[in-house]
Amino acid sequence: MPNANSKPWRRAIALADMNAFFASIEQLDDPALRGRPVAVTNGMRGSCIITCSYEARACGVKTTMRLRDALKLCPELVRKPARPQRYAEISSRIMHALGCITPLIEVFSVDEAFLDVTASQKMFGSVEAIGEHIKQVIYQVSGVRCSVGISEGKLSAKWAAKQNKPDGLTILPPEQVRAALAGRPVDELCGIARGIREHLARYGAHTCGDVAKLPMSVLAGRWGSIGRRLWSVCRGHDPAPLELDVAAPKSIGHGKVMPPDTRDADTVHTYLIHMAEKVAARLRKHNYEASRFYIGLRTRERWLEYQYRVMPTDSSSKLRRMCQHFLQQHWHGEGVFQVQITAQDPQPTGQQQDWLRPQRDQQRALHQVVDTINQRYGEFAIAPGVLLGRSDMPNVIAPAWRPEGHRATIEGARHVRKTGHHRQRRTAAGLPERIS
Amino acid sequence: MKLIMQREALLQPLSKVVGVVERRQTIPVLANFLLQAEDGVLSCTGTDMEMVLRATQTAEVASPGSVTAPARKLVDICRALPDGCSLNISVSDDQLRIDTGKSHFSLSTLPVDEYPDMEKAEELQNFTVVEKHLHELLNGVAFAMANQDVRYYLNGLLLEIHEQRLRAVATDGHRLALADHNDLQAEADVSPSSDEDMRVIVPRKAVMELLRLLEDSDERITIGFGRNHMQVQMPGLIMTSKLIDGRFPEYQAVIPPANDHQVKVDKQTLRTALHRAAILSNEKFRGVRLEFTPGKIRIIAHNPQHEEAVEDIDAEHQIESLSIGFNVTYLMDALAVIKTADVLLLLRDANSSCLIREPDSDECQHVIMPLKL
């Protein structure tokens with residue numbers, strides 16, 4: 001019922017933030033874990049905490065903490081290996097369900113979504129009702145609690161959601177945004193990190209209120225449109241639109257952290273080929289090919305890296321040969337910590353005809369068979385022999401994961417229907433995050 | 001070395017040559033000009049090891065000599081000096097000195113014998129051609145050259161000599177441009193060495209420099225070819241370039257012999273319509289769709305923001321119905337060098353290339369491969 005007492009907002013943006021998402025799902029699936037401190041790590045060997053339950057947080061355990069250190073703070077901490085597929089499934093389910101509130105959804109990360117609920121005010125009557133409905137919908141489809149912030153823009157909604165965790169609902173009306181932020185340190189806003197904070201500190205601006213008083217040119221001159229946006233947010237208005245469309249990928253890459261200081265040539269080779277296969281399969285799956293490939297090995301001192309230029313390809317064997325060439329030419333046995341291979345500026349396959357390229361690619365038929373088998377029986381059900389010795393570390397669900405498109409690197413359950421358009425993760429200030 | 005020159009007289013050869021000097025150098029001497037003064041002439045040479053430019057200018061040479069000095073600094077100083085000032089240029093204590101009025105500069109030098117000598121590398125077979133015609137020929141195809149393609153032989157332009165015909169061809173695989181010029185003359189003392197056509201691939205950078213340096217003049221200039229080098233002698237300036245050692249693809253294969261459909265259209269109308277439609281095409285892939293119905297062409301462009309441009313234009317053709325996609329930049333590039341008022345498009349179907357040429361001449365032909373939309 002429309003609320004006659006309050007005028008609808010000119011713009012209303014909600015952020016739904018799932019509380020301790022992975023840990024909540026673990027507690028949901030295993031009742032024995034409920035009420036207990038839980039930490040999620042990458043497999044049973046991952047030493048770093050990806051996320052932890054609120055019970056663990058109460059003991060001082062934090063995300064990114066080493067498990068060893070966390071156990072000192074909280075000896076009864078239960079470690080659970082991450083199950084990315086399950087998280088992807090629940091996330092897809094949530095994002096799909098939110099579509100019944102509004103189709104204007106920006107999936108911001110695996111456990112966060114912005115909703116433009118401006119037009120929904122008429123249907124639900126008030127932003128409070130919308131907020132309650134969002135929480136209810138998410139709980140119903142997933143059993144997970146969430147915090148919701150509603151305000152006039154993305155950054156203020158995200159800030160609001162953070163004020164009341166877990167399971168909160170914070171409404172920050174547009175006319176109160178400036179006053180609410182005025183006394184808060186500027187780095188409380190999502191996407192504002194050391195660089196911008198220190199830059200502003202040189203102008204004596206520490207709080208959002210200070211920033212609002214600076215001339216816009218101070219921010220715009222150094223940080224361009226990000227600076228202009230921050231200035232505007234501090235004055236109570238975030239102009240940034242929701243990113244509803246799937247942007248074409250700028251790159252498609254995979255990397256993996258190795259056992260530190262690996263010097264064994266076969267192991268390094270296997271890790272690199274493993275990632276190359278993933279890149280090639282993902283290119284093919286989304287019908288892309290690339291002509292520039294970055295290959296890198298992180299050693300103690302620096303990245304050993306090379307940029308390959310080739311004819312546009314999505315071929316596993318070409319990528320494998322590239323990796324072998326790279327190892328021969330650019331690696332001389334240094335200890336390796338991490339491998340990375342990235343296809344840069346991928347282009348849709350076969351869109352532009354090229355009269356100098358053979359039309360029939362012999363390998364295409366082979367790739368089709370391999371991809372079909374792997375799609376049905378799982379990743380690497382069929383794979384080059386060298387991958388028999390590949391790392392058994394499970395795939396990690398990246399912050400950039402999306403329910404659909406080329407960022408759906410981990411697939412949830414198959415019954416999940418299309419959830420509309422989504423796009424890559426950006427921090428709220430518009431800074432793209434490093435994604436590999 | 002000691003000479004006197006007007007600022008403008010010195011600046012002219014220097015600014016012609018400076019284009020070849022790379023901003024970042026691994027070999028220090030390549031950041032320098034080689035300056036040689038002799039017999040009332042100053043010559044200035046710059047190179048990147050692929051290409052050499054040598055410009056000459058008359059000067060009051062008091063004592064001959066040669067030196068190498070930082071190219072960009074020298075040009076910047078000359079540009080910044082006031083108009084019409086007279087420069088005293090001399091070398092003392094391994095420094096190049098420039099003195100004029102109250103301004104004094106001394107620049108570091110490097111030994112002349114460190115400077116690479118590429119020019120007298122080999123015997124060349126020389127021809128003459130009208131300067132502005134050579135410019136026109138190169139300009140008509142240069143845009144179709146590949147840039148940093150792994151198929152290195154595409155990062156340049158094919159010159160092919162068949163009797164009096166000089167043909168230029170460039171392709172990046174997506175499109176091909178071909179232009180002919182029919183007034184090439186062999187220099188008197190040169191007899192055709194064999195029946196075979198002479199074919200060379202000129203590197204992209206040399207082509208771009210020539211486009212910058214060739215002037216709109218009716219004078220005949222000399223162009224010479226050897227196995228590994230080519231040389232163009234313009235008034236007061238000689239460019240020598242290495243050639244790309246590779247085999248250019250058999251381009252005749254891509255030129256459709258006779259396409260089924262012939263479309264005649266006013267070039268300017270088509271160009272401006274494409275230009276407008278391009279604004280709403282995908283910024284990255286630049287696709288436009290051309291829909292042919294009797295007497296008409298409809299141009300349609302979309303972008304990921306769901307914006308749309310539709311342009312209808314009249315054209316002479318008999319096509320019942322055909323819809324074909326192209327990269328709009330390729331179409332516009334080709335139309336930009338067509339000189340006639342009308343233009344012919346020859347098409348077969350949505351998966352075959354389009355040939356663009358002038359209605360009554362095939363001196364200039366453009367092949368554009370379609371885009372799947």
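Note on naming: letters A, B, ... go to the chains in the order of the sequence lines (proteins, then strands), and numbering restarts at 1 for each one.
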> Counting only heavy atoms not in R276(B), do more than 12 sit closer than 6.0 Å to its CZ atom?
Replying inline: yes
> For F225(B), what residues pass the ring pair (Phe, Tyr, Trp, His ring centres under 6.0 Å) criterion, not counting sequence neighbours?
Replying inline: none
> Once you round to the nearest 0.5 Å, how far does CZ of R357(A) lie from CE of M369(B)?
Replying inline: 11.5 Å
> Could you state the interatomic distance from NZ (K372(B)) to OG1 (T349(A)), rounded to the nearest 0.5 Å?
Replying inline: 10.0 Å
> Counting heavy atoms not belonging to Q318(B), are there more than 12 under 6.0 Å from its CD?
Replying inline: no
> Considering residues, nucleotides and ligands other than K264(B), do more than 12 of their heavy atoms fall under 6.0 Å from its NZ?
Replying inline: no
> Roughly how far, to the nearest 0.5 Å, is the CG atom of L356(A) from the CG atom of L176(B)?
Replying inline: 8.5 Å
>> Please classify the contact of P304(B) with chain A as side chain, backbone, both or neither, using a heavy-atom distance under 4.5 Å.
In response: backbone
>> Is I368(B) in contact with chain A via its backbone, its side chain, both, or neither, using a 4.5 Å heavy-atom distance?
In response: neither
> What are the two closest heavy atoms between Y251(B) and W355(A), and how far apart are they?
Replying inline: CA-CH2, 3.7 Å
> Taking everything shown except E283(B) itself, do over 12 heavy atoms lie less than 6.0 Å from its CD?
Replying inline: no
> Of all the residues in residues 139-157 of chain B, which have a heavy atom that comes within less than 4.5 Å of a heavy atom in chain A?
Replying inline: Q148(B), D149(B), V150(B), R151(B), L154(B)
> Which residues in residues 241-250 of chain B have any heavy atom lying under 4.5 Å from a heavy atom of chain A?
Replying inline: P249(B), E250(B)
>> Atom NE2 of residue position H330(A) - does it have more than 12 heavy atoms of other residues, nucleotides or ligands inside 6.0 Å?
In response: yes
>> Tell me whether the count of non-hydrogen atoms from other residues, nucleotides or ligands lying under 6.0 Å of OH in Y294(A) goes above 12.
In response: yes
> Does E320(B) CD have over 12 foreign heavy atoms under 6.0 Å away?
Replying inline: no
> Who pairs with H286(A) by ring pair (Phe, Tyr, Trp, His ring centres under 6.0 Å), at least two apart in sequence or on another chain?
Replying inline: none
>> Looking at chain B, which one of M311(A), Q352(A), R309(A) has the largest number of heavy-atom pairs inside 4.5 Å, strictly under?
In response: Q352(A)
>> Using modelled atom types and a 3.5 Å cut-off, is there a donor and acceptor pairing between side-chain atoms of Q353(A) and backbone atoms of L371(B)?
In response: no
